[in-house]
Amino acid sequence: MTFEEKTIDSERLYEGAIINLRRDKVTVQNGTSYREIVEHNGGAVLAAITPERKMVMVRQFRKPAERVILEAPAGKIDPGEESLHAAIRELKEETGYTAKNVTLLTRFYPSVGYSEEKLDLYLCTELTAGETCFDENEAIDIEEMEIETLYQMVMAGEIQDAKTIIAILMVRSQVQEGIL
């Protein structure tokens, strides 16, 4: 039987620009315990498909992984910002593209064991190229890649970013079903 934990007390341990960390005292089946939880506003992930049916990808150095990562464009939702607005903004900032159609594909928790972060994955189609507007601390390379190539990279373990894997698998499924 599943036991639903109830919060007894909550303490903020750290407050940052992107994340906060809190420690909750919770009820568990045998008494009480503690859960450390990362608070995050969430983000928008972009499965942007060009008129040539290629997926727009970005490469950037990611400090936590200590390497350059190939990933779907994405960005955080600012406080008070709607997810859809963040998706449209991040698509333009990171890739230069604007999309005539932006459709929510799914919402998911990238790491439900310790973070309340939720990501919204958007399918972006009927793209128009334009100029990027990177944040001052971003260094991003943009690539357009065949969906099947990306799928093979996922299956070979060459793409390890969870949001990107989800985006590629969902887009490939839509291609196979004839939706895209």
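Salt bridge absent: Lys163 and Glu117 never bring a charged side-chain N and a carboxylate O closer than 4.0 Å. At a threshold of 4.0 Å, the pair Arg62-Asp161 does not count as salt-bridged, since none of the basic side-chain nitrogens sits closer than that to a carboxylate oxygen.
Other residues, nucleotides and ligands contribute at most 12 non-hydrogen atoms within 6.0 Å of the CD1 atom of Ile18. No more than 12 heavy-atom neighbours from other residues, nucleotides or ligands sit within 6.0 angstrom of NZ on Lys118. Atom OH of Tyr109 has 12 or fewer heavy atoms from other residues, nucleotides or ligands within 6.0 Å.
The distance from atom CZ of Arg23 to atom CD1 of Ile37, rounded to the nearest 0.5 Å, is 11.5 Å. To the nearest 0.5 angstrom, Glu5 atom CD is 4.0 Å from Arg35 atom CZ.
Counting heavy atoms from C-beta outward, Tyr14 and Arg22 have side chains that stay 4.5 Å or more apart. Annotation: side chain of Val171 is in contact with side chain of Leu180 (closest heavy-atom distance under 4.5 Å). Side chains of Arg53 and Val175 form a contact here, defined as non-hydrogen atoms less than 4.5 Å apart.
Taking each heavy atom of Leu105 and Met170 in turn, the nearest pair found is O-CE, 4.0 Å.
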Just list the side-chain donor-acceptor pairs under 3.5 Å for residues 150-160, sequence neighbours left out, or say none.
unit_1	atom_1	unit_2	atom_2	d
Gln152	NE2	Glu148	OE2	3.2
Gln160	OE1	Arg67	NH2	2.5
Gln160	NE2	Gly157	O	3.4

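In terms of modelled atom types and a separation under 3.5 Å, the side chain of Thr164 and the main chain of Ala72 share a donor-acceptor contact.
Applying the salt bridge (Lys or Arg N to Asp or Glu O under 4.0 Å) test to pairs two or more places apart or on separate chains, those with a residue in residues 103-113 are Arg107-Asp120.
One hydrophobic cluster holds both Ile166 and Val45 under the rule that ILVMFWY side chains link at heavy-atom gaps under 4.5 Å.
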